[in-house]
Amino acid sequence: MKIATYNVNGVNGRLPVLLRWLEESAPDVVCLQELKAPQEKFPEQALLDAGYNAIWHGQKSWNGVAILAKGHTITEIGRGLAGDPEDLHSRYIEAMVNGVHIGCLYLPNGNPAPGPKFDYKLSWFRRFTEHAAKLVDSKTPVILTGDYNVMPTEMDVYKPESWVTDALFRPETRAAFAGVMGQGWTDAIRTLYPDEKIYTFWDYFRNAFARNAGLRIDHFLLNKAIAGKLTGGGVDGYVRGWEKTSDHAPVWITVK
DNA sequence: ATGTCCCACCCTGTGGGA
């Protein structure tokens, strides 16, 4: 089974890019982030025409997450994280697909830091960590994937020294990510490529993609029940070079 | 400090978020 994550940065603005990539990459399951579309403006029919069922949690202007699947039923488990009834952002949705528990997340960016947006990022991270704790030892295979807005280590940043005060790379953020990992999750892409620079995001500014000035911020976390079934993975970086493309590239893994 | 792209509204430009 091939499972992908893709921060599309506007599911309607990027629809031609999304459909072209789905056709070429043919993932079985896709987690999308940054739909930037209200619930009623999700392009359900275009995706059905491409062969993909979908569930989604939309929001006007910002955020928004979706799970797509080809040839499999998507059984929703829930949306949103427990622990803060005031949090109305659409940043989490989870479902069972083909016997795998799939969590699709869009962790807050958190800039500028410090400040209320950074506080929100860390509190969202705490709630996510509590949720992950309940899943790591499950006998059901669990994959938590999406835009974590964290570069876990210096290897994941083209120029670490210029990012140390950024919300995506501050010590508190990296510590929060390490806290989740400490529960026993496997970072699938880093496990497959322990020594390589792997990026999943390149800023629109300053010609970042051409310079390969990238960040690795889209991750797959595998629980113990599925970590041993990982067979491959990669970044569809060529998609980042297309016209009208997202600032993220799709990332995927295969599991047996 | 800058850069670029999305979305929504004040709606053919502007502002917020990333």
Side-chain angles (χ1 to χ4, degrees), chain A residues 5-21 30-44 46-47 56-66 86-92 104-125 128 145-152 156-159 161-170 172-174 176-177 199-219 235-251:
Chain A
T5 184
Y6 187 19
N7 179 323
V8 279
N9 188 11
V11 72
N12 288 305
R14 311 297 185 193
L15 190 57
V17 165
L18 174 61
L19 293 172
R20 180 180 168 195
W21 167 72
V30 184
C31 291
L32 297 178
Q33 303 86 35
E34 279 209 84
L35 304 179
K36 294 187 172 179
Q39 191 69 12
E40 65 277 13
K41 288 202 179 159
F42 183 82
E44 181 180 24
L47 290 164
W56 64 97
H57 191 194
Q59 181 181 332
K60 192 164 85 169
S61 303
W62 298 303
N63 310 316
V65 285
E86 311 259 299
D87 180 10
L88 300 177
H89 291 198
S90 296
R91 294 183 177 275
Y92 190 77
C104 172
L105 65 133
Y106 175 45
L107 204 132
N109 176 295
N111 278 306
K117 290 187 176 176
F118 191 58
D119 295 341
Y120 173 63
K121 177 175 197 156
L122 295 180
S123 72
W124 203 96
F125 228 135
F128 175 69
T145 187
D147 179 358
Y148 281 75
N149 269 315
V150 182
M151 295 84 89
D156 303 311
V157 194
Y158 67 97
K159 193 180 176 190
E161 63 274 22
S162 61
W163 286 83
V164 287
T165 60
D166 190 278
L168 279 67
F169 198 54
R170 290 176 70 94
E172 305 95 313
T173 308
R174 277 183 272 171
F177 187 83
Y199 301 139
T200 66
F201 167 95
W202 296 261
D203 215 307
Y204 290 122
F205 305 160
R206 296 176 291 253
N207 207 22
F209 183 60
R211 295 188 296 122
N212 196 27
L215 310 172
R216 190 175 75 96
I217 56 177
D218 301 273
H219 307 297
V235 181
D236 287 341
Y238 61 94
V239 175
R240 181 61 181 80
W242 291 353
E243 291 293 314
K244 302 279 286 179
T245 200
S246 170
D247 40 7
H248 295 247
V251 190

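Lettering follows sequence order; numbering is per chain, from 1. Heavy atoms only: backbone and side chains are in, while hydrogens, waters and symmetry mates are out.
The same atom, C1', is picked in B:dC7 and in B:dT12; the two are 16 Å apart, to the nearest Å. Between B:dT2 and B:dA8, the two C1' atoms lie 25 Å apart (nearest whole Å). Rounded to the nearest Å, the gap between the P atom of B:dG13 and that of B:dA1 is 30 Å. B:dG15 and B:dC10 are spaced 13 Å apart, taking the P atom of each and rounding to whole Å.
In this structure, CD of A:Glu243 is placed 13 Å from C1' of B:dC5, rounded to the nearest angstrom. Between the CH2 atom of A:Trp242 and the C1' atom of B:dT4 there is a distance of 20 Å, given to the nearest Å.
A:Trp202 meets the side chain to side chain donor-acceptor pair (under 3.5 Å) test with A:Asn212; sequence neighbours excluded. Applying the side chain to side chain donor-acceptor pair (under 3.5 Å) test to A:Asp166 and every residue at least two apart in sequence or in another chain returns A:Asn111. The ring-ring contact (aromatic ring centres under 6.0 Å, His included) test applied to A:His219 returns A:Tyr148, A:Phe177, not counting sequence neighbours. Scored by the side chain to side chain donor-acceptor pair (under 3.5 Å) test, A:Tyr92 finds A:Glu94, A:His131 as partners (sequence neighbours excluded). In this structure A:Asn149 satisfies the side chain to side chain donor-acceptor pair (under 3.5 Å) test with no other residue, sequence neighbours excluded.
Side chain of A:Arg216 to main chain of A:Met151: no donor-acceptor pair is present (N/O by atom type, distance under 3.5 Å, no hydrogens or angles).
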What one-letter contact string describes nucleotides 8-18 of chain B from 5' to 3', where B marks a base within less than 4.0 Å of any protein heavy atom, S marks contact via sugar-phosphate atoms alone, and - marks no contact? SS------BBB

